[in-house]
Novice: 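Below is a structure I'd like to ask you about.
Nothing fancy with the numbering, it's 1 onward along the sequence.
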Amino acid sequence: MQWWNEFISWLTSSEAESTVFAAAVLFVAVVVAALLGAWIATSAVRRIVAQRDRELKTAAIAALVDAATEASVWNSLTPQEQVLADRTVGQADIHVRLLPIRGSDVAANWAAHQLHELKRASATFGYQLDPAVAEFRDRLLDWQRHPARARKQFQNDLVRWRAQRQEPDQAALEEQDTWVAEQHHERYRSATEISSPAEPARDTAPTPTQAVAQPTQPLDDARA
């Protein structure tokens with residue numbers, strides 16, 4: 001215990017004050033530097049994650065707005081274009097639902113309902129519904145800027161639509177949508193058959209050849 005007593009005596013002496021002060025300052029500086037570095041690293045990671053989330057959200061909204069533009073002229077698209085448009089809408093819907101934002105599933109449900117209504121309006125009116133597409137775009141952009149407020153508005157719209165929907169009317173609308181889709185496919189099938197007629201049958205009869213006249217040998221005029 002002698003070395004411990006000597007250390008305590010040296011620590012409490014006036015000669016060790018400067019050393020102890022320098023060590024304390026160094027320790028505090030290391031701790032502050034570590035905390036400051038951790039805060040800067042955390043802030044940088046948060047900014048990167050937030051920027052990535054904004055990019056994903058912007059890409060999903062752009063895909064939905066593009067899908068709304070195609071849905072507004074849905075009845076004029078070919079069946080192949082409709083399949084591609086549905087695939088794009090499905091991918092955008094998944095991206096929106098997977099966003100780390102509260103209420104993203106509500107926004108996806110609202111967008112799906114609006115896209116279905118745009119398709120139905122296109123089959124009814126047959127032209128691009130610019131005001132409806134513009135409203136769809138503005139609502140999604142408002143959701144990007146103010147997620148909490150837009151989420152409440154989306155939820156209110158979904159509740160109102162659910163209250164207005166009645167089973168008999170819904171069944172009639174589904175039958176009408178099925179009939180419109182069948183008519184659309186029949187129209188494009190008929191157009192395809194008309195635009196690509198069957199090839200004419202080839203003539204397999206042999207090609208007639210012209211007879212070559214043989215030269216006649218002149219008769220001798222010699223008389224007996």
Side-chain angles (χ1 to χ4, degrees), residues 39-165 170-171 173-174 176-178 180-182 184-185 188:
W39 177 76
I40 293 175
T42 304
S43 300
V45 171
R46 287 180 179 177
R47 284 195 299 269
I48 293 174
V49 172
Q51 182 179 1
R52 179 176 177 273
D53 292 342
R54 284 195 301 269
E55 291 176 354
L56 292 175
K57 192 174 182 181
T58 302
I61 291 176
L64 288 176
V65 173
D66 183 67
T69 304
E70 293 184 347
S72 64
V73 291
W74 187 257
N75 203 40
S76 63
L77 300 178
T78 63
Q80 292 78 10
E81 291 174 342
Q82 290 181 351
V83 171
L84 294 177
D86 283 335
R87 290 182 60 183
T88 304
V89 171
Q91 293 176 359
D93 182 82
I94 293 175
H95 290 164
V96 171
R97 294 182 187 276
L98 294 180
L99 287 175
I101 301 174
R102 184 180 179 183
S104 58
D105 54 342
V106 177
N109 294 334
W110 181 88
H113 180 276
Q114 290 297 92
L115 289 175
H116 182 69
E117 292 298 324
L118 285 173
K119 292 179 182 179
R120 180 177 296 168
S122 172
T124 303
F125 299 103
Y127 58 87
Q128 185 172 354
L129 305 175
D130 292 335
V133 176
E135 181 182 2
F136 182 84
R137 178 201 60 202
D138 294 340
R139 293 289 297 274
L140 288 179
L141 292 178
D142 184 68
W143 174 62
Q144 183 183 17
R145 302 187 188 99
H146 310 286
R149 185 182 65 184
R151 174 182 173 273
K152 294 180 181 179
Q153 295 177 356
F154 290 160
Q155 188 65 41
N156 293 335
D157 290 341
L158 291 173
V159 172
R160 176 169 53 85
W161 293 333
R162 192 177 299 112
Q164 293 176 352
R165 184 174 57 189
Q170 185 66 22
L173 290 176
E174 291 178 357
Q176 181 182 0
D177 294 341
T178 303
V180 169
E182 291 177 355
H184 180 270
H185 284 277
Y188 275 95

Novice: Of all residues at least two apart in sequence or in a different chain, which pass the side-chain contact (heavy atoms from CB on, under 4.5 Å) check with Arg145?
Specialist: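 Leu141.
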Novice: So, taking the atom named CG in Asp157 and the one named CZ in Arg162, what distance separates them when rounded to the nearest 0.5 Å?
Specialist: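 Atom-to-atom, Asp157:CG and Arg162:CZ are 11.5 Å apart.
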Novice: Is it the case that the side chain of Thr69 and the backbone of Val65 share a donor-acceptor pair, with hydrogens and angles ignored and the cut-off at 3.5 Å?
Specialist: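 It does hold such a pair.
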Novice: State, with a plain yes or no, whether a side-chain heavy atom of Gln144 is found less than 4.5 Å away from one of Thr58.
Specialist: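 Yes, close enough: below the 4.5 Å cut-off.
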Novice: Determine the minimum heavy-atom distance between Leu115 and Ala67, stating which atoms define it.
Specialist: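 That would be CD2-C, 3.9 Å.
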Novice: For Asn109 and Asp105, indicate whether the former's side chain and the latter's backbone hold a donor-acceptor pair under 3.5 Å.
Specialist: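 Yes; at least one donor-acceptor contact below 3.5 Å.
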Novice: Carefully, step by step, assess Glu117 and Arg120 under the rule salt bridge (Lys or Arg N to Asp or Glu O under 4.0 Å).
Specialist: CA-CA 5 Å; Glu117 292 298 324; Arg120 180 177 296 168; 3.7 Å; yes
Novice: Do Lys57 and Ile61 come within less than 4.5 Å of each other through their side chains, counting heavy atoms only?
Specialist: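 Yes, side chains in contact.
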Novice: Backbone N or O of Lys152 within a donor-acceptor pair of the Asn156 side chain at under 3.5 Å?
Specialist: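 Yes, Asn156 side chain to Lys152 backbone: donor-acceptor pair under 3.5 Å.
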Novice: Say you draw a straight line from CH2 of Trp110 to CZ of Arg151; how long is it, rounded to the nearest 0.5 Å?
Specialist: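 Between atom CH2 of Trp110 and atom CZ of Arg151 there are 15.5 Å.
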Novice: Only counting residues at least two apart or in another chain, list the ones meeting side-chain contact (heavy atoms from CB on, under 4.5 Å) with Asp142.
Specialist: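 Partners of Asp142 under the side-chain contact (heavy atoms from CB on, under 4.5 Å) test: His146, Arg149, Ala150, Gln153.
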Novice: Where do Ala92 and Ala60 come nearest, in terms of heavy atoms and distance?
Specialist: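 Shortest heavy-atom separation between Ala92 and Ala60 comes out as CB-O, 4.1 Å.
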Novice: Mind listing the closest non-hydrogen atom pair of Ala85 and Trp74 along with its distance?
Specialist: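 Smallest heavy-atom distance, with atoms named: CB-CZ3, 3.7 Å.
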Novice: What distance do Ile94 atom CD1 and Arg97 atom CZ have between them, rounded to the nearest 0.5 Å?
Specialist: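 Here the interatomic distance stands at 9.0 Å.
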Novice: What pairs with Arg137 under salt bridge (Lys or Arg N to Asp or Glu O under 4.0 Å), at least two apart in sequence or on another chain?
Specialist: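 Listed in chain order: nothing, the list is empty.
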Novice: Are the side chains of Leu99 and Leu56 in touch, meaning some heavy atoms are under 4.5 Å apart?
Specialist: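 The answer is yes; the side chains approach within 4.5 Å.
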Novice: Going by heavy atoms in the side chains, are His113 and Phe154 under 4.5 Å from each other?
Specialist: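 A side-chain contact under 4.5 Å is absent here.
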Novice: Do you know which two heavy atoms are closest between Ala68 and Phe136, and how far apart they sit?
Specialist: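 Looks like CB-CD2, 3.5 Å.
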Novice: Which heavy-atom pair separates Ala108 from Asp93 by the least distance, and what is that distance?
Specialist: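 Nearest pair, atom of Ala108 first, then Asp93: CB-OD1, 3.5 Å.
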Novice: Might you work through the side chain to side chain contact (heavy atoms under 4.5 Å, CB included) test for Lys119 and Asp86, ending with a clear yes or no?
Specialist: CA-CA 11 Å; Lys119 292 179 182 179; Asp86 283 335; 2.9 Å; yes
Novice: Say you draw a straight line from CG of Leu64 to OG1 of Thr88; how long is it, rounded to the nearest 0.5 Å?
Specialist: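 Rounded to the nearest 0.5 Å, the CG-OG1 separation comes to 10.5 Å.
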